[in-house]
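Accompanying notes for the structure given below.
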Amino acid sequence: MTISFWLLDINYEVRDDHLEIWLWGITEDDKRILLIDKSFKPYFYVVVGEDSPKTREEIISMLKETKGVESCEVKHMKRLRKEVEAIKVVCQTPLSVERCVKRLSKMRTSVEVFEHDLRPSAQYLIDRDIGPCGWYSAEVEEISLPENVRVDRAYQLLQPLKPVDRVDLPPIRALAFDVVAYDPYGSPKPETAKIVLISVATSDGGFAQFVCEGEDDREVIQQFVDYVLDFDPDILVGFESNRSVLPLLSERAERLGLKLTIDRIEGIPHTSVYGHVSVTGRINLDMRDFAEDFIEIKVKDLRNLAKFLGVKREVLSIPETEIPKLWERGEVEKLSAYSRSRAEALMDVFRSLAEYSTQLSHLIGMPLDYVVTSAVGFRVEWFLMRHAHRVGELIPSRAEVPYAPYKGAMVLQPKVGLHEKVAVLDFKSMYPNIMIMYNVSPDTYVPPDEDIPDEEVNIAPEVGHRFLKKPPGMYKAVLSSLLEARDSIRKRLKKVPADSPEYRVLDARQRVVKVLANATYGYAGWVGARWFVKPVAEAVAAWGRYVISETIKIAESLGLQVIYGDTDSVFVRYDEELVEKFCKAVEEKLGLEVRPETVYERLLFTEAKKRYAGLLPDGSLDIVGLEVVRGDWAEIAKKAQERVLEVVLKGRGREEAIKQLKELVSSIYSLEAPYEDFIIWKTLTMSIDQYKVRAPHVEVAKSLLKSGWKPTVGDKIGYVVVKGEGKLREKARFFGWASKEDLDLDYYVNHQVLPAATRVLSVLGVSEEELKRVVGEKEGPKTLMDFFQQRS
DNA sequence: GCGGATCACTTACCG
DNA sequence: ACCGGTAAGTGATCCGCG
């Protein structure tokens, strides 16, 4: 029989020394199914070196007598530019693959192995060219449900899956959950914590809450498990569920003698690659991981993510350190409202990202939960591996390569000052297009020791690396398809209102494709990449520098004054006619498309590169690189700088800017400004003991650690600076442990507000000393007496 | 032993 | 666990100084 379904998840099982691929799907008529494919065997390739003391035949016979090897077959493959004869070694299980590779390495013979480090489910998806989150039809035979498997029906797959041409989503059931834990000693630890509250919101509008009433949290956890099994979600939606929530729940359950059987095989969640928690048969999505894709969100909490995605619902916020206090005081209602708002917001967040994430998974071909968790480099690599497989290119195994820096992009020194009417001319996807145009790729690179006529290669400027003009390399093929995908998304984008959440999601999606295309260059220079070839990255950067310097020459020859430039853009005095002429000339001479992306009414440059602010025609400000857009400055300083910028760019003069700054400073000294505006947020990028200097946020993290909290790598530490003697690090306090009255206001004025404001005002000739003097003056009426004195 | 100059470390940004 | 280029603050260290 033939069935049609949407592929949700994939995993593998080894039964009686044989591999089974398990495909979890959703059918059109809302049934959950499991398809078992017993036809797939894990495999790897061996290429025998020319200098190998052992012949290919000897190696084949050695492999054939290794336990678990099914077959060895010599296949004609490609390895970079060369045609090679590779032994395809098909094994019974991943374990037998491992065994073979170990034997080969012991032989001390010159062989290269390929694909031995791909997990079976990954190899299956690549081998069969299947992308998760898409529709497929399958020839199947219904079988009885395997033991403990919780689906409507199970099948054995008889023939390879065939893709079905439809893009809609099936009726996905999603369950969002929020967990509140109580630990008298700080961060919830399995030994001392108890789960006191779990809120659950479902895609059909359901809501439930389980509150701890007894001695321990046994019942709460059991109620949650029962609810999950009863609702039977396809997707579990959580926040920080990978890093903390699910591990905590699992361990608590274990300690209580319970099993957190929330998957579809009556097993328990298990941590797999990249710290992701797998729940077999379902997709476990941690919305915290999504936040990483949105660079606009500085402090990546649920509230900010929801806000960014246009979620209307209010997300209540309680600092982590307050939760134990509330529970101890019996303020369950507060906690319950807080948790409910989070679960429901999570559901909303999921709704607004469902389309985006599934498209991403399908486009890259990675399972949904991995694609969200994985770093950009792995997404690029996955995409490349699928392409390689299609064209018979061997996928290299990951190797350890030492770090090798190289020269990157060119950045011009900006012309300091306030400029009128400035156009920014951007190259459209410069690096990808350079790679396409000059066919720069690992499989087109010609090493220096090879003899080849000059007319057959493109030679990179400065560095001299050579790349075959023909045939097209991997990067050219892959990038062309990505750029096309982006264009089609952008066409859809134009049909959607610009202020709708849908617009933002589509926009994010096209950005992901763009990021993926742009990351291909970064991938090429990443030492961890399977296809790391330094000359590829080096050549692309060199061509980039060539292109931008030629572009500057063209601009200047046309009489356009270049004010600034960075990597793939030039800033020029705007002149409609000249700019048009310029774009044409660049395209003609360099073969790359350049376009005026924005025209600023006014633009301010300090002497620093990568930092400027411009006034757009619609009256809004575009601020780049300055403190306003940085997440590690106190809000109060950012506000001050933004105000000053607005006044200056809108031409209201430096006196007005200084006046507004004075107002702001006095609002600091009078304690009118809200406490949150004084918090400085900095990321803990290493574990605490790895730091070589005692930075303020690290000292604060240490103090948190002392009182039982466990700040972990990646956490944003929020601190304020309080009155007192000594170094800054001695005056930094966790924001939850200080109040307005403790703040060292002079620090904020002299080290936050004034430097940020001076950065801008110095362009207009105001020095920090002058500003300090002016701002420090007594301003405005303070008392009745002052008031009358001023008027007289 | 002190205080400014310089270096090193750290974070976050740009494209 | 994507690249190099860049700014900027704070801590750590250097160095002259009778």
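Chain A is the first sequence line, chain B the second, and so forth, proteins listed ahead of strands; every chain is numbered from 1. Quick caveat, the model's predicted, so the values are computed rather than measured.
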Between C1' on C:dG9 and CD on A:E699, what's the gap in Å once rounded to a whole number?
16 Å
Between A:V527 and A:V411, the residue closer to the 5' end of DNA chain C by nearest nucleotide is A:V527
Answer yes or no: does a side-chain N or O of A:Y403 lie under 4.0 Å from OP1 or OP2 of C:dG4?
yes
Terminal axes of the helix from B:dG1-C:dC17 to B:dG15-C:dC3 (5 end pairs apiece), angle rounded to 10 degrees, sit apart by 20°
Would you indicate what A:Y691 reaches in the nucleic acid, counting non-hydrogen atoms under 4.0 angstrom: base, sugar-phosphate, or nothing?
sugar-phosphate
Give A:A695 one of three labels, base, sugar-phosphate or nothing, depending on what nucleic acid heavy atoms sit under 4.0 Å from its own.
nothing
Interatomic distance where NZ belongs to A:K727 and P belongs to C:dG9 [whole Å]
16 Å
Just wondering, do A:F734 and A:W709 contact through their side chains at under 4.5 Å, heavy atoms?
no
Which heavy atom of A:V624 sits nearest to which heavy atom of A:V629, and what is that distance?
C-CG2, 4.2 Å
Taking the side chain as every heavy atom from C-beta outward, state whether A:Y719 and A:I679 have any atom pair closer than 4.5 Å.
no
Just checking A:Y612: base, sugar-phosphate only, or nothing, at a heavy-atom cut-off of under 4.0 Å?
sugar-phosphate
Is any side-chain N or O of A:K610 closer than 4.0 Å to OP1 or OP2 of C:dA7?
no
Check every nucleotide of DNA chain B for an atom under 4.0 Å from a heavy-atom of chain A, then give the first and the last such nucleotide from 5' to 3'.
B:dC9 to B:dG15
Give a yes or no on whether the backbone of A:R573 and the side-chain of A:Q561 come within a donor-acceptor separation of less than 3.5 Å.
no
It should be established whether A:R729 places a side-chain nitrogen or oxygen under 4.0 Å from OP1 or OP2 of nucleotide C:dA12.
yes
For A:V380, answer base if it contacts any base atom (sugar-phosphate contacts may also be present), sugar-phosphate if it contacts only those atoms, and nothing otherwise; contact means non-hydrogen atoms under 4.0 Å.
nothing
Just call it for A:R630: base, sugar-phosphate, or nothing, with non-hydrogen atoms closer than 4.0 Å on any strand.
base
From OH of A:Y747 over to P of C:dG9, roughly how many Å is that when rounded to an integer?
9 Å
For A:K407, does its backbone N or O pair with a side-chain atom of A:E538 as donor and acceptor, under 3.5 Å?
no
Given side chains that start at C-beta, do those of A:D566 and A:F571 come closer than 4.5 Å, heavy atoms only?
no
At under 4.0 Å between heavy atoms, what does A:G522 touch on the DNA or RNA strands: base, sugar-phosphate, or nothing?
base
Whole angstrom is fine here: how far is it from CG in A:D632 over to P in C:dA7?
16 Å
Quick check on DNA chain C: between A:Q413 and A:T520, whose nearest nucleotide comes earlier from the 5' end?
A:T520
Which part of the nucleic acid, if any, lies within reach of A:V698 when heavy atoms closer than 4.0 Å are counted: base, sugar-phosphate only, or nothing?
nothing
Measure OH/A:Y406 against P/C:dG4 and give the value in whole Å, please.
5 Å
Name the nucleic acid region contacted by A:T685, choosing base, sugar-phosphate or nothing; use a 4.0 angstrom heavy-atom cut-off, strictly under.
sugar-phosphate
Would you say A:Y719 reaches C:dT10's phosphate, i.e. side-chain N/O to OP1/OP2 under 4.0 Å?
no
Tell me whether A:S397 contacts the main-chain N or O of A:V113 through its side chain, where contact means a donor paired with an acceptor under 3.5 Å.
yes
Testing C:dA8, C:dC2, C:dA7 for proximity to the side chain of A:V376, the answer is C:dC2
Checking A:K638 side chain against A:R630 main chain: does a donor-acceptor pair fall under 3.5 Å?
yes
Is the backbone N or O of A:V721 less than 3.5 Å from a side-chain atom of A:Y748, with the two atoms forming a donor-acceptor pair by type?
yes
Would you classify A:K298 as touching base, sugar-phosphate or nothing, given that sugar-phosphate means primed atoms plus P, OP1 and OP2, and contacts are heavy atoms under 4.0 Å?
sugar-phosphate
Donor-acceptor pair, side chain of A:D286 and main chain of A:S241, under 3.5 angstrom
yes
Among residues 529-540 of chain A, which ones have heavy-atom contacts with DNA chain C below 4.0 Å?
none
A:L482 CG - C:dC2 C1' separation (whole Å):
15 Å
Strictly by modelled atom types, are A:E462 and A:Y546 linked by a side-chain donor-acceptor pair under 3.5 Å?
no
Tell me, do A:Y691 and A:L684 make a side-chain contact under 4.5 Å, heavy atoms counted?
yes
Assign A:G528 to base, sugar-phosphate, or nothing according to its heavy-atom contacts below 4.0 angstrom with the strands shown.
nothing
Where A:S687 and A:V713 come nearest, the two heavy atoms and their spacing
N-CG2, 3.5 Å
Tell me what A:R759 touches on the nucleic acid: a base, only sugar-phosphate, or nothing, going by heavy atoms under 4.0 Å.
sugar-phosphate
Flag, side chain of A:S549 to backbone of A:R545, donor-acceptor distance under 3.5 Å:
yes
CZ of A:R694 versus C1' of C:dT13: gap in Å, rounded?
16 Å
Taken to the nearest whole Å, CG/A:L728 to C1'/C:dA12 is 15 Å
